[in-house]
Amino acid sequence: MIIVPATTGQMGVLPGHVPTIAELKPGVMTVHEGTDVSKYFVSSGFAFIHANSVADVIAVEAVPVDHLDSNLVQKGLAEFTQKLGSASTDLEKAEAQIGVDVYSAMNSALTG
Amino acid sequence: MASSGAAGPFWRAAGMTYVSYSNKCASMVRSCLKEPHRTEALEREKVHFSISKWVDGKPEKPSIREGTGGD
């Protein structure tokens, strides 16, 4: 079973799942193989669940959660939170918001 | 589930494309990696390509562009 961070919320996928295409948000993908659990942080992307119970998860970056450095994550979160406060154009606000979303998600992945 | 004529995600409303959004997210994740994974990942951001403009059906002299990603 896998759990993917869809934009509509955490989505659990078991064999026999209805064919679905889900857009992913930055977050943790959990893979359960028997009793083994692996967690990967996915930067964004899509999950395709096919009718034959094969699921493809496409992401530009997917890293094991323990490859993330929590100091860098917290520094980045503080930096983007500050940028969000001082942003003026729509584009600056959007970039700062993306930063806050991505770094908060990495932070939750490390502390959760 | 789909709404008609909605603004969609905030980055789309600000004029960004999905590809730009996705690449920015990936870049942020790469910058938070521990070594040696970080150096390996930053290699993936590098771009190196040749580009030439076409005028009157003929290509002009190509120029090489390279760098660490971005737009």
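Lettering follows sequence order; numbering is per chain, from 1.
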**Prompt:** Can you say whether Val73(A) sits under 4.5 Å from chain B via the side chain, the backbone, both, or neither, judging by heavy atoms?
**Reply:**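 Looking at Val73(A), backbone and side chain both touch chain B.
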**Asked** Considering only heavy atoms, which portion of Asp101(A) lies under 4.5 Å from any heavy atom of chain B: side chain, backbone, both, or neither?
**Response**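 Side chain only.
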Going only through I, L, V, M, F, W and Y residues with side-chain contacts under 4.5 Å, is there a path from [X] to [Y]?
X	Y	answer
Val60(A)	Met29(A)	no
Ile58(A)	Val28(A)	yes
Ile3(A)	Phe41(A)	no
Leu24(A)	Val31(A)	yes
Leu110(A)	Val42(A)	no

Sub-4.5 Å side-chain heavy-atom contact between [X] and [Y]:
X	Y	value
Asp90(A)	Trp11(B)	no
Met106(A)	Val29(B)	yes
Arg44(B)	Glu61(A)	yes
Leu33(B)	Asp69(A)	no
Leu72(A)	Arg38(B)	yes

Which atom of [X] lies closest to which atom of [Y], heavy atoms considered:
X	Y	value
Leu68(A)	Lys34(B)	O-CE, 3.4 Å
Met28(B)	Glu95(A)	CE-O, 4.2 Å
Ser43(A)	Cys25(B)	O-CB, 3.3 Å
Leu91(A)	Ala14(B)	CD1-O, 4.1 Å

**Exceeds 12 heavy-atom contacts within 6.0 angstrom, atom CD of Glu60(B)** =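 It does: Glu60(B) CD has more than 12 such atoms within range.
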**Message:** Parallel, tilted or perpendicular, judged at 30° and 60°: which one describes the rings of Tyr18(B) and Phe46(A)?
**Reply:**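 If you compare the ring of Tyr18(B) with that of Phe46(A), the planes turn out tilted.
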**Asked** Side chain, backbone, both or neither: which part of Met16(B) has a heavy atom under 4.5 Å from chain A?
**Response**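 Answer is side chain: those atoms of Met16(B) sit under 4.5 Å from chain A.
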**Item:** Part of Ser27(B) lying under 4.5 Å from any heavy atom of chain A
**Value:**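 Contact with chain A involves no heavy atom of Ser27(B) at all.
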**Residues forming a side chain to side chain donor-acceptor pair (under 3.5 Å) with Glu92(A), sequence neighbours excluded** =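 Checked Glu92(A) against side chain to side chain donor-acceptor pair (under 3.5 Å); matches are Ser88(A).
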**Request:** Kindly compute the distance separating SG (Cys32(B)) from NZ (Lys75(A)), expressed to the nearest 0.5 Å.
**Result:**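 So the SG of Cys32(B) and the NZ of Lys75(A) are separated by 9.5 Å.
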